[in-house]
6 protein chains.
Amino acid sequence: MKIKVIIPNVGMARSTLDQREAMLKTYARPDTVISVDCIASGPESIEGDYDEVLAAPEIVERAVAAEREGYDAVIIYCSSDPALAAARELVSIPVVGPGEASILTALALGHRLSIITVLEETIPGNVGRYYRLGLPEWRLASVRSLGIPVSRLRDDLEQTYAALLATGRRCRDEDGAHVIVLACLGMAGLGARLQKELGIPVVDPAFVSVAWAEELGAIGLVHSRISYPKPADKVRVSLCRSEPTKPGPREGGESEAAQR
Amino acid sequence: MKIKVIIPNVGMARSTLDQREAMLKTYARPDTVISVDCIASGPESIEGDYDEVLAAPEIVERAVAAEREGYDAVIIYCSSDPALAAARELVSIPVVGPGEASILTALALGHRLSIITVLEETIPGNVGRYYRLGLPEWRLASVRSLGIPVSRLRDDLEQTYAALLATGRRCRDEDGAHVIVLACLGMAGLGARLQKELGIPVVDPAFVSVAWAEELGAIGLVHSRISYPKPADKVRVSLCRSEPTKPGPREGGESEAAQR
Amino acid sequence: MKIKVIIPNVGMARSTLDQREAMLKTYARPDTVISVDCIASGPESIEGDYDEVLAAPEIVERAVAAEREGYDAVIIYCSSDPALAAARELVSIPVVGPGEASILTALALGHRLSIITVLEETIPGNVGRYYRLGLPEWRLASVRSLGIPVSRLRDDLEQTYAALLATGRRCRDEDGAHVIVLACLGMAGLGARLQKELGIPVVDPAFVSVAWAEELGAIGLVHSRISYPKPADKVRVSLCRSEPTKPGPREGGESEAAQR
Amino acid sequence: MKIKVIIPNVGMARSTLDQREAMLKTYARPDTVISVDCIASGPESIEGDYDEVLAAPEIVERAVAAEREGYDAVIIYCSSDPALAAARELVSIPVVGPGEASILTALALGHRLSIITVLEETIPGNVGRYYRLGLPEWRLASVRSLGIPVSRLRDDLEQTYAALLATGRRCRDEDGAHVIVLACLGMAGLGARLQKELGIPVVDPAFVSVAWAEELGAIGLVHSRISYPKPADKVRVSLCRSEPTKPGPREGGESEAAQR
Amino acid sequence: MKIKVIIPNVGMARSTLDQREAMLKTYARPDTVISVDCIASGPESIEGDYDEVLAAPEIVERAVAAEREGYDAVIIYCSSDPALAAARELVSIPVVGPGEASILTALALGHRLSIITVLEETIPGNVGRYYRLGLPEWRLASVRSLGIPVSRLRDDLEQTYAALLATGRRCRDEDGAHVIVLACLGMAGLGARLQKELGIPVVDPAFVSVAWAEELGAIGLVHSRISYPKPADKVRVSLCRSEPTKPGPREGGESEAAQR
Amino acid sequence: MKIKVIIPNVGMARSTLDQREAMLKTYARPDTVISVDCIASGPESIEGDYDEVLAAPEIVERAVAAEREGYDAVIIYCSSDPALAAARELVSIPVVGPGEASILTALALGHRLSIITVLEETIPGNVGRYYRLGLPEWRLASVRSLGIPVSRLRDDLEQTYAALLATGRRCRDEDGAHVIVLACLGMAGLGARLQKELGIPVVDPAFVSVAWAEELGAIGLVHSRISYPKPADKVRVSLCRSEPTKPGPREGGESEAAQR
């Protein structure tokens with residue numbers, strides 16, 4: 001199975017993307033191919049609705065390109081699930097939103113979950129995304145933040161882990177969390193250690209997303225066209241010039257639907 | 001008071017925009033100035049998440065420009081409220097979403113409301129927007145569609161009205177609606193006649209939005225910065241070239257926040 | 001437009017009522033006429049269900065009289081919205097409940113609101129009114145009280161403001177409120193100053209109610225007759241002798257529906 | 001145990017009230033004393049909020065009198081539960097609301113209930129009362145009406161029963177009700193026959209209310225003072241002249257709290 | 001009326017069971033017969049789902065036997081309501097679950113309730129049972145535990161009462177409870193004293209269950225067969241050899257439905 | 001990875017169990033080992049709460065044995081998820097409930113789902129299980145039944161498929177389902193064909209359960225001990241003599257926790 005991972009941030013080096021690919025293969029099926037790309041037009045990180053607006057156009061282009069190139073599933077590598085619905089409208093392969101997949105997985109692990117996000121400013125967005133799923137307040141113990149912006153999370157992983165551990169303890173001891181959900185892909189890889197030290201399950205969105213992509217792809221489950229209808233053909237003016245989406249071996253060009 | 005109305009569609013003639021301005025002044029305060037613009041980059045109409053993604057970047061630019069030009073409030077002229085949260089993050093004047101304002105107004109008029117949208121494909125999005133507000137199922141009688149795309153709504157207003165009347169009757173008689181909400185700005189101006197014929201309140205999003213903009217602007221109520229935090233300063237690459245947002249007498253240029 | 005404001009308290013001097021009229025005109029449209037009356041039979045203030053029961057019969061009489069005298073809208077000047085549904089049953093002009101209008105307005109300003117009421121004893125009633133609208137727990141940060149009875153709120157406005165500020169800070173900092181709703185008309189006029197000092201929106205029920213009355217009256221939106229059916233003609237014995245509701249130039253007599 | 005039953009209607013003959021007493025004793029404990037009164041000031045029946053407003057002042061007076069006269073519990077004999085909260089504020093003996101007690105009992109009998117009310121116009125009020133308890137939509141199968149006003153229900157009991165049977169069948173077969181709640185005391189006594197013919201439980205509010213009054217009275221359970229705080233002492237002008245509430249052997253006078 | 005009380009614990013002496021019978025008669029109707037039994041196969045106390053699984057087969061056998069022996073109602077004497085639905089499927093007399101009956105009663109006494117359970121480990125189960133009824137978060141103030149296992153609750157009643165009082169105060173003062181529900185039958189008999197000292201209603205599950213059994217039995221209300229369908233006849237292999245359920249004067253044998 | 005599948009029915013031939021093993025391997029990872037067993041003491045199928053009560057004791061014994069024998073995950077092969085919580089209390093490897101896993105997966109595929117169960121009598125149980133997860137009514141389009149008991153589902157797969165197709169069409173066309181969930185493992189293997197013909201996703205519980213077991217096992221996610229606490233050591237009398245659970249190479253003996 002071939003999975004395309006779209007990181008909705010600009011300015012990541014190819015070597016960094018390769019490291020992500022290696023990490024994501026940790027628990028994947030032996031025959032799973034994972035290809036990680038970032039976008040060329042958008043913010044350096046997603047930390048709010050404005051960032052999502054800027055990243056979204058290229059995310060959907062990339063998802064369309066991935067399907068055309070034969071990928072079996074797409075992961076939008078951000079717990080905010082930016083452009084998730086729009087991408088699903090455009091393609092007919094599974095599109096995994098790590099935020100959605102992590103929360104749904106957590107619901108099978110315990111009665112009440114806490115979500116850990118990066119900044120105090122990103123708490124309201126996480127609260128909103130939880131309730132948009134239709135989930136009840138009694139299963140959400142809390143949403144807490146680390147106080148570290150996305151772009152700094154991986155500067156010093158020990159420091160990030162220390163903040164995660166302190167925050168996770170407050171979720172468990174003060175808020176009554178039974179399960180922890182890490183709500184930023186920048187925290188990827190720290191879940192297993194945190195789970196061991198906290199003694200309660202910690203959902204690491206990176207690995208859960210790969211597992212969901214594999215599961216849906218293997219079984220042949222794709223989002224419903226009634227929920228995510230194919231956009232009708234009509235005039236759509238795109239003045240964006242996102243060079244990397246020009247037709248080519250890997251990234252492809254603008255989708256047909258996006259052209260006039 | 002000066003209100004900027006942003007229509008998130010491309011390709012509308014200035015004369016059409018002027019007609020909208022005239023219509024929106026019908027119930028406005030005598031001293032209210034209403035300025036209507038459409039966008040240059042995006043879809044010809046908003047009928048799904050992909051359309052919203054394409055329109056959103058210029059909507060937020062326009063909102064920023066409106067604030068800089070001294071407008072007191074902004075209306076994003078679409079019941080889907082595209083880019084509403086992102087625009088609120090960027091500006092400190094009220095940003096009215098007609099979908100949100102219409103539903104909240106309807107809640108004060110009756111116990112159960114029906115929403116009338118354009119297409120069967122846009123029903124799920126309307127259902128989702130209603131629940132995202134946190135509202136309960138028992139106050140939503142139904143969401144029904146006319147079967148007419150946005151771009152055709154004003155081709156033959158009598159025919160559109162006939163569809164509205166037939167649909168409104170089903171909402172009232174089969175679904176138990178106490179109040180009707182028109183969920184497309186293309187239906188603007190047809191509410192009063194429909195209300196008279198159905199005998200129950202019909203919320204016309206165009207006029208309600210102007211009233212909310214006036215109310216919030218007059219009283220000095222603006223969205224909360226905790227709900228809509230100001231985006232942090234960071235790298236944001238925008239490859240969009242939306243000419244109309246270049247600095248100028250009316251539309252202004254890219255917001256500072258949107259530049260690198 | 002002519003708006004009748006009914007204060008459901010007894011014993012207010014005409015000069016005090018005139019001051020309220022002046023205050024309410026602050027943000028009103030230039031051509032709006034506001035007429036403020038209090039009731040002659042009922043409690044000195046509304047601080048519970050028993051108080052509402054005593055005030056309700058005259059409130060509905062006054063609403064009926066206002067309609068007969070040509071008013072375009074009625075405001076029941078109390079955040080408990082006493083007799084709101086009954087008044088709507090009897091008249092065909094908009095009847096604004098400040099509690100309802102304030103909360104619906106607050107929902108468009110931020111994700112989570114706190115309600116500030118007068119006494120610890122009035123907290124449960126405010127909680128109940130919020131949930132009766134069908135709103136979800138996650139959008140209600142808290143309900144807090146000042147510890148000042150209604151009749152004392154305006155004795156020393158500085159002291160009342162100090163209590164409001166202290167309480168509002170706890171709502172924002174301890175309860176996570178994004179927006180504050182003042183839930184007593186005795187707090188009218190203190191919202192703007194509080195909003196400035198707290199840095200989050202504060203909904204002042206007095207001004208919001210006038211704006212809603214203006215909006216609904218201007219656009220022609222009246223409550224649904226399905227939600228608020230016209231009472232059938234039948235025997236209704238009223239042994240109340242509320243002199244001010246006898247027919248006359250301003251207050252009018254008992255409504256026909258209320259007579260035998 | 002002595003139970004006072006307050007019928008919130010005017011104009012009932014003493015002989016009719018005595019019949020109600022006899023009927024209510026059917027399933028009561030042998031030593032239970034049931035005393036039934038109607039009010040002198042109010043509507044001939046409760047069929048909306050305006051009717052409740054007119055009946056409420058005397059209901060609370062009667063409840064206060066009952067406590068003073070040594071009754072152990074009060075039943076407000078109407079499924080709308082008019083003045084229930086106000087009466088609880090004033091007295092320290094259990095006050096049973098037949099609407100509330102019937103629905104709570106029904107929840108222990110089956111997963112989904114239907115409510116049968118008198119008129120189409122009283123459906124919205126019943127829907128509202130259900131949701132005010134905080135109950136979920138999935139447990140409410142439907143609210144249906146007989147099309148017979150309260151004052152006619154007992155004119156021809158066979159005809160009323162026939163309407164109940166037809167309506168109950170639709171609740172069971174079309175709406176998926178597992179349990180039926182009769183939502184008008186005028187239907188009292190018809191539940192057992194209906195239950196037998198429908199084959200699902202039918203909650204008859206009259207008998208359930210007596211049982212709740214007995215249960216609460218026997219065990220010593222009274223409503224919480226935090227939910228229903230004792231009204232503070234203050235000016236309350238009552239211009240009502242409801243002769244029957246003057247002090248006397250059975251009806252008592254105005255409560256102290258209600259006097260100036 | 002004859003009520004069978006099934007205690008789902010093993011190893012209780014007949015003298016202890018007789019004491020329970022005596023206690024349960026405190027508030028019962030004079031003519032009510034109460035017969036208390038415990039089970040022979042299962043755990044010594046119910047403190048989790050595994051305990052319920054072990055106790056359930058004999059609980060349902062006992063309920064079937066009780067009906068065959070002419071009992072008018074059954075009480076499953078545990079606030080976890082183990083095997084409640086299964087027992088209802090098998091018998092056509094009322095089966096009272098003390099947890100369900102207590103919470104429904106509490107809802108008529110105040111707006112918000114707190115539940116007191118035995119152990120921290122039993123809190124999640126109590127939270128779950130509350131929400132399974134479909135009740136809303138805003139009516140649940142908290143679930144707290146005493147830190148005393150079921151088997152120790154009655155070793156030193158003064159110590160248990162002291163823990164209840166301390167916990168009840170926290171529910172009232174820190175969590176905002178208006179009503180307390182005792183969620184273990186081992187706390188039976190301590191409610192009245194606690195209620196007096198806390199000043200808010202305390203629902204004692206033992207007495208409330210007897211009252212519900214009497215009420216349902218007297219009025220003739222039994223659970224709905226649509227909610228609790230009679231099990232179809234089919235192969236059911238039971239390798240359990242629970243001697244006490246062999247046919248006999250009091251306990252009866254395996255139900256027919258349970259045989260092959 | 002080694003997965004133990006426990007079918008909670010009695011009387012299945014080893015050859016039938018082997019066929020299930022073969023079917024379940026269809027989409028599994030190449031290195032996954034799947035071992036399928038049925039129980040020796042319980043009903044021939046799970047179609048209600050009584051059936052669950054009878055099957056539960058051996059299900060938990062089997063789960064304990066599986067862990068002891070080195071299995072990495074357990075699947076309780078029934079959409080009712082019988083004994084799911086109890087099994088999780090006892091073991092520290094993932095225990096997958098097909099009902100829970102199917103619904104959570106469906107939530108990521110579309111906005112509204114319909115559940116197809118076997119009998120009209122099993123509809124209420126399925127409704128209850130959905131709401132117990134805390135999910136909202138608006139995401140549940142309907143629960144419909146085939147009218148075929150579990151034991152007959154695989155007698156004539158074509159006839160079962162025809163019933164599924166007819167029922168699925170009604171879910172999609174009359175109830176507005178966007179996704180279908182098959183709620184009986186007896187329907188396993190028919191999902192893909194149904195999905196193709198209906199044009200909307202169909203969640204087949206068998207394959208989804210294997211995928212969840214693989215995912216949780218691979219990533220190292222196990223249920224939370226706070227939600228599912230380890231049962232305390234205490235007296236538990238088990239009079240069941242379920243021979244197959246005696247210690248042995250494959251099934252193992254009674255768990256220690258289950259012994260006295």
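Naming: A, B, ... by sequence-line order, numbering from 1 per chain.
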Validation row: Leu133(E), Leu107(D) side chains within 4.5 angstrom (heavy atoms): no

Proximal to chain D - members of residues 24-32 of chain E, heavy-atom separation under 4.5 Å: Tyr27(E), Ala28(E), Arg29(E)

Gly134(E) to Pro136(D) - nearest heavy-atom pair and separation: O-CD, 3.0 Å

Residues 190-197 of chain E: residues contacting chain D (heavy atom under 4.5 Å, by number): Gln195(E)

Val210(D)/Ile219(E) under side chain to side chain contact (heavy atoms under 4.5 Å, CB included): CA gap, chis, key distance, verdict: CA-CA 10 Å; Val210(D) 171; Ile219(E) 300 180; over 6 Å; no

Student check: side-chain heavy atoms of Leu135(D) and Leu135(E) closer than 4.5 Å: yes

Segment of Ala106(D) engaging chain E (4.5 angstrom heavy-atom cut-off): neither

Side chains of Val179(D) and His223(E) in contact at under 4.5 Å (non-hydrogen atoms): no

Portion of Glu214(E) that has a non-hydrogen atom of chain D nearer than 4.5 angstrom: side chain

Straight-line distance of Phe207(D) CZ to Leu221(E) CG, nearest 0.5 Å: 10.5 Å

Among the listed options Pro94(D), Ala211(D), Ala218(D), Ala108(D), the residue most often paired with chain E at heavy-atom distances under 4.5 Å: Ala108(D)

Between His178(D) and Tyr228(E), ring centroids under 6.0 Å: no

Student check: side-chain heavy atoms of Val222(E) and Leu109(D) closer than 4.5 Å: no

Winner by heavy-atom pair count (cut-off under 4.5 Å) against chain D, out of Gly97(E), Ala101(E), Gly110(E): Gly110(E)

Val202(D) versus chain E, the contacting section by heavy-atom distance below 4.5 Å: backbone

Closest approach of Ser227(D) to His111(E) (non-hydrogen atoms, all atoms of both residues): OG-N, 2.7 Å

Pick from Ile200(D), Leu84(D), Thr105(D) with the largest number of heavy-atom pairs that fall under 4.5 Å of chain E: Thr105(D)

Criterion side chain to side chain contact (heavy atoms under 4.5 Å, CB included) on Arg172(D) and Ile226(E), from CA distance to verdict: CA-CA 10 Å; Arg172(D) 184 194 60 189; Ile226(E) 308 182; 4.2 Å; yes

